[in-house]
Amino acid sequence: GDDRLCEPPAAPAHVHPEAAARPQPGHVALAPRGWGGRQEGHLAGVALQERGAVRADGVYRVKVKDDRIDPPVKVLELPVKKDKDWDVKSKVGTQTVSGKFKVKNDKEKVKIKVGDKEMEVEAVLVEGVDLDVAGTKTTVRTWFAKNMGVVKLEYKIADAVSTLELTQYTPPPGSTN
């Protein structure tokens with residue numbers, strides 16, 4: 001397809017987990033133009049290294065670390081429509097991922113702290129409940145804010161919940177943020 005990989009802005013945004021002991025930098029690039037750029041962070045001490053692509057119908061994860069996702073997993077439906085859902089069935093390396101994502105809210109208010117400034121942004125909440133990730137039940141909740149990309153990301157595996165939140169943001173060139 002005509003995938004456009006998300007390019008990093010001049011200085012990447014940084015995220016931090018609420019419950020991780022030792023940060024390990026990585027990157028999450030899941031947002032199209034108008035939805036942000038590269039983001040860096042970690043989850044429970046494990047570096048996130050994901051790559052995204054934008055297609056006419058949505059934003060996709062295409063790679064995790066060195067593993068290609070085949071077929072790519074749609075993480076945001078475009079255009080955004082509340083209650084829209086879609087099935088995913090894919091492989092990351094040798095592991096399978098399947099389930100359903102849904103736009104739970106297209107105007108959810110999310111409080112974030114960028115630098116020393118607290119702010120509230122309007123975000124699209126996409127949720128994948130009880131996804132089957134390599135035989136493990138996993139819930140993924142992702143908040144996308146326009147012109148910022150992913151501002152919050154939450155994983156629930158069994159009873160453990162890990163959350164990443166945006167703490168620093170540098171708008172991509174040409175952005176109005």
hydrophobic_cluster_shared for [Y] and [X], side chain cutoff 4.5 Å:
X   : Y    : answer
L78 : V73  : yes
V92 : I157 : no
V88 : V80  : yes

So, are D57 and K74 salt-bridged, with charged N and O less than 4.0 Å apart?
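Salt bridge present between D57 and K74.
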Pairwise side-chain hydrogen bond (donor to acceptor under 3.5 Å, both in side chains) hits with a residue in residues 118-129, at least two apart:
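For residues 118-129: K109-E122, E127-R141.
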Write out all pairs satisfying side-chain hydrogen bond (donor to acceptor under 3.5 Å, both in side chains) with one or both partners inside residues 78-96, taking only residues at least two apart or from two chains.
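Non-adjacent pairs meeting side-chain hydrogen bond (donor to acceptor under 3.5 Å, both in side chains): D87-K100.
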Looking at every non-hydrogen atom in both residues, tell me the closest pair between [X] and [Y] and how far apart they are.
X    : Y    : result
L131 : G99  : CD2-CA, 3.7 Å
E154 : V161 : CG-CG1, 3.7 Å
W143 : V110 : CD1-CG2, 3.3 Å
T142 : V140 : OG1-CG1, 3.8 Å

Full working for side chain to side chain contact (heavy atoms under 4.5 Å, CB included) between L76 and V124:
CA-CA 9 Å; L76 178 64; V124 174; 4.0 Å; yes
Evaluate the side chain to side chain contact (heavy atoms under 4.5 Å, CB included) criterion for residues V97 and D132: first the C-alpha distance (whole Å), next the side-chain angles of each, then the deciding distance (0.1 Å), finally the verdict.
CA-CA 6 Å; V97 177; D132 181 337; over 6 Å; no
Any non-hydrogen side-chain atom of V75 less than 4.5 Å from a side-chain atom of V126?
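No - every pair of side-chain heavy atoms lies 4.5 Å or more apart.
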